[in-house]
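Shown next, in structure tokens, is the structure this report addresses.
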Amino acid sequence: MNAKELILLDLKETRRRFLMAAYGIPNAYLTWQPDVDALSIGQMIRHVLLHDYSWYMILTEQRLPSEEERAPLWELPFTSVQDEVDRSMVYHDQFIAYVESLNVGDFESKLIQWPHRPIARYLGDTLERKSYHDAVHTGQLLQYMRMLQLERPDIWD
């Protein structure tokens with residue numbers, strides 16, 4: 001496998017495992033949060049799923065989505081995990097298609113500047129950080145499930 005194939009595998013696997021965890025949470029718990037400063041379960045799921053949109057904008061337009069672009073996506077009430085997945089799938093597909101369109105050489109030569117932080121990383125590093133972000137939130141969801149004494153899915157297939 002080359003770098004592009006490995007990064008795509010990692011991105012797809014972290015998403016698949018995140019969804020396994022998310023689908024294991026009953027919809028009645030979407031507003032639950034362990035404390036007032038933490039994301040609720042619904043907020044965390046939405047954050048991860050809509051993260052693809054933000055990353056796509058950073059990678060293709062070197063900017064974050066504007067508040068006007070984000071508001072229709074972020075201000076909806078939480079109804080179900082499936083609704084969150086359905087609404088966000090277009091952004092995930094767009095993001096994956098973009099990564100699939102890249103040349104392997106881009107991973108070591110294209111510098112990505114974060115529009116909201118003084119951080120610059122090469123594209124390959126950037127994409128791995130996106131995958132890591134999703135993996136960390138998968139762990140958080142599993143911890144939330146443990147705190148709620150919910151059965152946790154086996155994401156280690």
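This chain uses plain numbering: 1 for the first residue, then up along the sequence.
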- Task: Quick one: do His47 and His133 satisfy ring pair (Phe, Tyr, Trp, His ring centres under 6.0 Å)? Show the steps, please.
- Result: CA-CA 10 Å; His47 168 76; His133 168 270; 4.8 Å; yes
When you measure from the side chain of [X] to the backbone of [Y], do you find a donor-acceptor pair of N or O atoms at a distance under 3.5 Å?
X: Ser101; Y: Tyr98; result: yes
X: Asn103; Y: Gly105; result: no
X: Arg63; Y: Ile58; result: no
X: Glu75; Y: Pro72; result: no

- Between Trp55 and Phe95, ring centroids under 6.0 Å: no
Ion pair present between [X] and [Y], side-chain N to carboxylate O less than 4.0 angstrom?
X: Lys12; Y: Glu5; answer: no
X: Asp106; Y: Lys4; answer: no
X: Arg146; Y: Glu151; answer: no
X: Asp134; Y: Arg129; answer: no

Please examine the side chains of [Y] and [X], heavy atoms only from C-beta on, and report whether any two atoms are closer than 4.5 Å.
X: Met44; Y: Leu141; answer: yes
X: Val48; Y: Arg15; answer: yes
X: Leu64; Y: Met57; answer: no
X: Met145; Y: Ile25; answer: yes
X: Tyr122; Y: Ser109; answer: no
X: Leu73; Y: Arg87; answer: no
X: Ile119; Y: Ile112; answer: no
X: Ile45; Y: Phe18; answer: yes

- What's the verdict on salt bridge (Lys or Arg N to Asp or Glu O under 4.0 Å) for Asp83 and Arg46, showing C-alpha distance, side-chain angles and the deciding distance? CA-CA 10 Å; Asp83 283 348; Arg46 186 173 287 173; over 6 Å; no
- Query: Around atom CD of Glu100, are there more than 12 heavy atoms of other residues, nucleotides or ligands at under 6.0 Å?
  - Reply: yes
- Item | Linked hydrophobic residues, Leu6 as query - side chain contacts closer than 4.5 Å | Met1, Leu9
- Task: Quick one: list whatever passes side-chain hydrogen bond (donor to acceptor under 3.5 Å, both in side chains) with Tyr132, sequence neighbours left out.
- Result: none
